[in-house]
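Here the structure is laid out as structure tokens; the discussion comes afterwards.
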Amino acid sequence: MNRIFFTLVLIVMMSGTYAQKFENLALTPPMGWNSWNTFATNINEALIKETADVIVESGLLDAGYEYLVLDDGWMAMKRDENGRLYGDPERFPNGMKALGDYIHSKGLKFGIYSCAGAETCGDYPASRGNEYIDARTFAEWGVDYLKYDWCNTAKLNAEGAYTTMRDAIRAAGRPIVFSICEWGDNKPWEWGKNVGHLWRVTGDIVNCWDCELGHGSWTSWGIWKIINMRKGIRKYAGPGHWNDYDMMEVGNDFTDAENRSHFVMWSMLASPLILGNDVRSVDEETLNTLTNKEVIAVNQDKLGIQGFRFLNENNIEIWLKPLANDEWAVSFVNMKDKPVNLEFDWLKHEMKDDLNNRSVETGNYTYEIRDLFKHESIGNTAKPLKATLEGHDVLFVKLTKTHP
Ligand code: GLA
């Protein structure tokens, strides 16, 4: 009797070890590059290697962009004779392991894509029914990050399907950041924390300020549509488990001002910062934005608190994000495409984050105001902040307590 009891306890304990995601990954929002927004399924070995080289040479890796993620379209149209996925032999002639080795040799991490359905969104073979063999294959190739999509899943239960892949990754034994991509359809923020490290909250992004683009059965969304789509989800984000507002469109035909605003908002949302542009042809101003260490530091703040809308006044969106050491990030985005004047009296507003019980104590303290694009102090909170914001531009500041 005792033996049966202890065997049962042992089995339960062992299954417990498997039934967990890898912890201590993505303790700050993951940063990297993904092929989809610019290249869709037109990806190949030369493009990926050139991208890896440029990420390193341009300073993007130093700024924190470490995951190089191949999205849909890398795989051959059929599994091999052992039922394993492999890279399209024409586009990836040296195979995925060699490509992963190259990516690692550059000091980057290797990300790959699959899907919970039998086929990907681009109709390539995917992982349904092959989760364990695919997770083992990815682990053998040295994969560090798996984006796992949701096309062709019929009536699959989302939490169940993603949990199966989580367990398969665990069983394969290599710590892999698990990126849930089911577009927010099944409220992944409610169950994703124990399953993956980030979850997409909307359908696909498109490079416009606030448009919707219909594609028949689905729609893609401009950046402000994405920002505004889900209410009340910030409480689900934190170290190791993030709301993912999709790969960025910074550098994809936006004005410099729009690039700045988009980047600031993704930082305020504590969203993963995944580049979606062609880094080989990035212009200097866009690169300056993307490598702005002070903005990135807001996104990567160790508290991992997602920011929130504080006010929308006079066409200016004002957002707050509490940071470590009682600092705050504050963004002022001009929603109009013409200049507007900003005048913000710190002493007349009660700036509070009820969820985290934190407040900007302008009554008791003066805060120094640092402009995170000019990289200098622009005064303090004793006086109203005055500025002219160009169309769709942002003023992005950090508040630091100076004295009572
Ligand atoms: C879905 C995802 C995108 C991309 C494509 C690939 O639409 O949401 O991010 O991965 O599939 O086909």
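Bear in mind the structure is a predicted one, so any value in this text is a computation, not a measurement.
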- Return yes if some donor-acceptor pair links the side-chain N/O of R230 with the main-chain N/O of V201 below 3.5 Å, else return no.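 Between the backbone of V201 and the side chain of R230 there is a qualifying donor-acceptor contact (under 3.5 Å).
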- Message: When you measure from the side chain of R309 to the backbone of L311, do you find a donor-acceptor pair of N or O atoms at a distance under 3.5 Å?
- Response: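 No; zero donor-acceptor contacts below 3.5 Å.
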- On the ring face of F22, is R170 found with NZ or CZ under 6.0 Å from the centre and within 45° of the axis?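 Ring-cation test returns yes.
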- Establish, yes or no, whether the cationic atom of K147 lies under 6.0 Å from the six-membered ring centre of Y113 and within 45° of the ring axis.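 Relative to the ring axis of Y113, which defines the angle, K147 lies outside at least one limit.
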- Does the side chain of L108 reach to within under 4.5 Å of the side chain of L61, using non-hydrogen atoms?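 Yes, close enough: below the 4.5 Å cut-off.
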- Message: Run the ring pair (Phe, Tyr, Trp, His ring centres under 6.0 Å) test against H104 and tell me which residues pass, sequence neighbours left out.
- Response: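 Here no residue qualifies.
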If I compare all heavy atoms of [X] with all of [Y], which pair ends up nearest, and what's the gap?
X: Q306; Y: L269; value: CG-O, 3.1 Å
X: T362; Y: Y367; value: N-CE1, 4.0 Å
X: K21; Y: K193; value: NZ-O, 2.8 Å
X: M247; Y: W36; value: CE-CB, 3.7 Å

Is the distance between the ring centroids of [Y] and [X] under 6.0 Å?
X: Y145; Y: F110; answer: no
X: W242; Y: H197; answer: no
X: W199; Y: Y236; answer: no
X: F344; Y: H349; answer: yes

- Query: Do Y67 and M31 pass the side-chain contact (heavy atoms from CB on, under 4.5 Å) test, and can you show the C-alpha distance, the side-chain angles, and the key distance before you say yes or no?
  - Reply: CA-CA 6 Å; Y67 291 100; M31 294 176 66; 6.0 Å; no
- Message: Can a side-chain donor-acceptor contact be found between E45 and N94 if the only test is distance below 3.5 angstrom?
- Response: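 A pair is found: one side chain offers a donor N or O, the other an acceptor, under 3.5 Å apart.
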- Answer yes or no: is there an ion pair linking R358 with D354, defined by an N-O contact shorter than 4.0 Å?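 A salt bridge is absent here (no side-chain N lies under 4.0 Å from a carboxylate O).
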- Under-4.0 Å salt bridge between K398 and D371: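 Salt bridge between K398 and D371, a charged N being under 4.0 Å from a carboxylate O: no.
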- Query: With a cut-off of 6.0 Å (strictly less than), are more than 12 heavy atoms of other residues, nucleotides or ligands near CD of E376?
  - Reply: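 Atom CD in E376 is packed in, count exceeds 12.
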- Hey, is C121 close enough to C151 that the SGs sit under 2.5 Å?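 Disulfide present: SG-SG distance under 2.5 Å.
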- Let me know which of L275, L287, V54, T291 forms a side-chain contact (heavy atoms from CB on, under 4.5 Å) with V282.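 With V282 as partner, L275, L287, V54, T291 yield a single side-chain contact (heavy atoms from CB on, under 4.5 Å), made by L287.
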- S220 and its side-chain hydrogen bond (donor to acceptor under 3.5 Å, both in side chains) partner, picked from E212, K225, H215: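 Result: among E212, K225, H215, H215 is the only option passing the side-chain hydrogen bond (donor to acceptor under 3.5 Å, both in side chains) with S220.
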- Message: I'd like to know whether S331 forms a side-chain contact (heavy atoms from CB on, under 4.5 Å) with E317, so could you lay out the CA-CA distance, the side-chain angles of the two residues, the decisive distance to 0.1 Å, and finally the verdict.
- Response: CA-CA 8 Å; S331 58; E317 288 269 346; over 6 Å; no
